[in-house]
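A short worksheet on the structure shown next.
Chain identifiers are assigned alphabetically (A, B, ...) following the order of the sequence lines, protein sequences preceding nucleic acid strands; residue numbering begins at 1 within each chain. Just so we're clear, the structure is a prediction, and the values are computed from it rather than from any experiment.
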There are 2 protein chains.
Amino acid sequence: MDRTDNYHHGALRDALINTGLELISEKGISGFTLREVAKRTGVSTAAPYHHFKDKAELLQAMSAAGWSMLGERFKGALSEVETPSERLRAIGEAYIRFAIEHTPYFRVMSRPDLYCSQGSCDGGDVTGRAVFEMLRSAVAGCYSGRKSDDPEIQESVLHAWVMVHGFSALWLDGSLRGTSLGELGIEELIKLLFRSGPCMTNRPDGKVPIE
Amino acid sequence: MDRTDNYHHGALRDALINTGLELISEKGISGFTLREVAKRTGVSTAAPYHHFKDKAELLQAMSAAGWSMLGERFKGALSEVETPSERLRAIGEAYIRFAIEHTPYFRVMSRPDLYCSQGSCDGGDVTGRAVFEMLRSAVAGCYSGRKSDDPEIQESVLHAWVMVHGFSALWLDGSLRGTSLGELGIEELIKLLFRSGPCMTNRPDGKVPIE
DNA sequence: CCCCAATCTTGACAGCGCTAAGATAGCCAC
DNA sequence: GTGGCTATCTTAGCGCTGTCAAGATTGGGG
């Protein structure tokens, strides 16, 4: 019996990550199974345990790879435009497009409860924080001359993150279907999202839309 | 052996829903187990199957109860203030506070993938759409005199929903901890959220914050 | 060439969702 | 009351899951 194919010589770790993403892409995150990942990768059920402590650790590795990839996307987006507000917008759009084009990554990144104890990842989500820092810095770029702890900057950071994440989550969950927004295509929705803001928030100038 | 206690006489359905929420509150959604719910309710493993087709159907019932409860919260919020923009703000805040105070409900409502086939619930999420409709109508109230399919209204509906949902999701996932926003308390964050808007979006008047 | 450390497999256990078959409780007709 | 009917719950078991202990296999360094 020639088992040479089953020996990955250190490459199994990455193979498991990739197979895992494929599996999530097919069956969703609730269909993600360590046994199935192992089977699809062509190894035994116990093989993954020599590279990951448990299922959670594999998921965390997948998440980390996703954050790293998103960081690259951000860099690419930043390099394509000039002005601060264009750069912020580019980053926001990159976040949403990453969620749509690399759904399995996003699905796993959005479920820290599966691999983090009590919400904090014991410093394991360093890449995630680096990505957040890029967003924060892009926002700060729009307020040149102010300190980075300026409340208005904090506001805009929160706003930007909440918007792109909220939109991505709702879109991927299909929550927009079956509503008045469901008839719009993804491109229209993204345009709408980056234009919006008037009604819900009280704008700095104190104006309120129509009353 | 007196099994009288184990007979719920039709009340088992609701008992399972409530026990399920308690379980999610303790162990999170990934710790939600039909067997454990049955055990905690004091019945056998197979008992739930006489009230729910499968695990998904119980989750869907829990979700429906949550949407119904959120609808009540919206009504309460609407009745407390006068002006359209106050009413919209009240609804938005009610959404977030519901997510925080009734986390188990929100957790289940945010996972349609667990009980919906292909994102659509086969008309089972009627209550959810009714709640969305309340939000939409609250937004439309801020644009009196315009048609309900006005693009700017669509914009604001999307914006409002994305904001309150995105914030709730990020907060519950603990994604704000470990960032510059993590030092702020929940009340400060909510205030910040409802004040924000300037940087990310291009406002209708064409102004861009600072450049 | 041989041994060692890295890597993978086999076999097993408890817990999971789910089902078929049988037992029990309460209620209605009589 | 009593007999039986229906709703309700239980017991037993299937295949699947995550995880671990023990053993087998591989390739590289002495």
- [ ] Nearest whole angstrom, please: distance from the P of dG17(C) to the NZ of Lys39(B).
- [x] 11 Å
Open item on the list: If you only use heavy atoms from C-beta on, which nucleotide in dC9(D), dG17(C), dT19(D) is closest to the side chain of Arg35(B)?
Closed with: dG17(C)
Open item on the list: Counting the atoms with a prime plus P, OP1 and OP2 as sugar-phosphate, which does Thr33(B) contact under 4.0 Å by heavy atoms, base, sugar-phosphate, or nothing?
Closed with: sugar-phosphate
TODO: Flag the pair His50(A) / Leu12(A) as yes when at least one side-chain heavy-atom distance between them is below 4.5 Å, and no otherwise.
DONE: no
- [ ] Just compare dG17(C), dT10(D), dC8(C) and give me whichever is closest to any side-chain atom of His50(A).
- [x] dC8(C)
Task: Upstream residue (5' side of DNA chain D) when Ala56(A) and Pro48(B) are each assigned their closest nucleotide - done: Pro48(B)
Task: Length of the line joining Leu114(B):CG and dG17(C):P, which is rounded to integer Å - done: 12 Å
Task: Ala46(B) side-chain proximity, nearest of dT19(C), dT10(C), dA12(C) - done: dT19(C)
Task: Interatomic distance, Arg40(A) CZ vs dT17(D) P [rounded to whole Å] - done: 11 Å
TODO: Using whole Å, report how far CG of Leu34(B) lies from P of dG17(C).
DONE: 5 Å
Open item on the list: What is the distance, to the nearest angstrom, from the CG atom on Leu12(A) to the C1' atom on dT25(D)?
Closed with: 15 Å
Open item on the list: Once you measure the plane-to-plane angle for Tyr95(B) and Phe106(B), does it fall in the parallel (<30°), tilted (30-60°) or perpendicular (>60°) bin?
Closed with: perpendicular
TODO: In whole angstrom, give the distance that lies between atom NE2 of His51(A) and atom P of dC20(D).
DONE: 16 Å
Open item on the list: Distance check needed: dG18(D) C1' versus Leu58(A) CG, whole Å only.
Closed with: 13 Å
TODO: Return the orientation label for the His102(A) and Tyr105(A) ring planes: parallel under 30°, perpendicular over 60°, tilted otherwise.
DONE: tilted
Open item on the list: I need the OH-C1' distance between Tyr49(A) and dA12(C), as an integer number of Å.
Closed with: 14 Å
Task: Non-hydrogen side-chain atoms of Leu184(A) and Leu158(B) separated by less than 4.5 Å - done: no
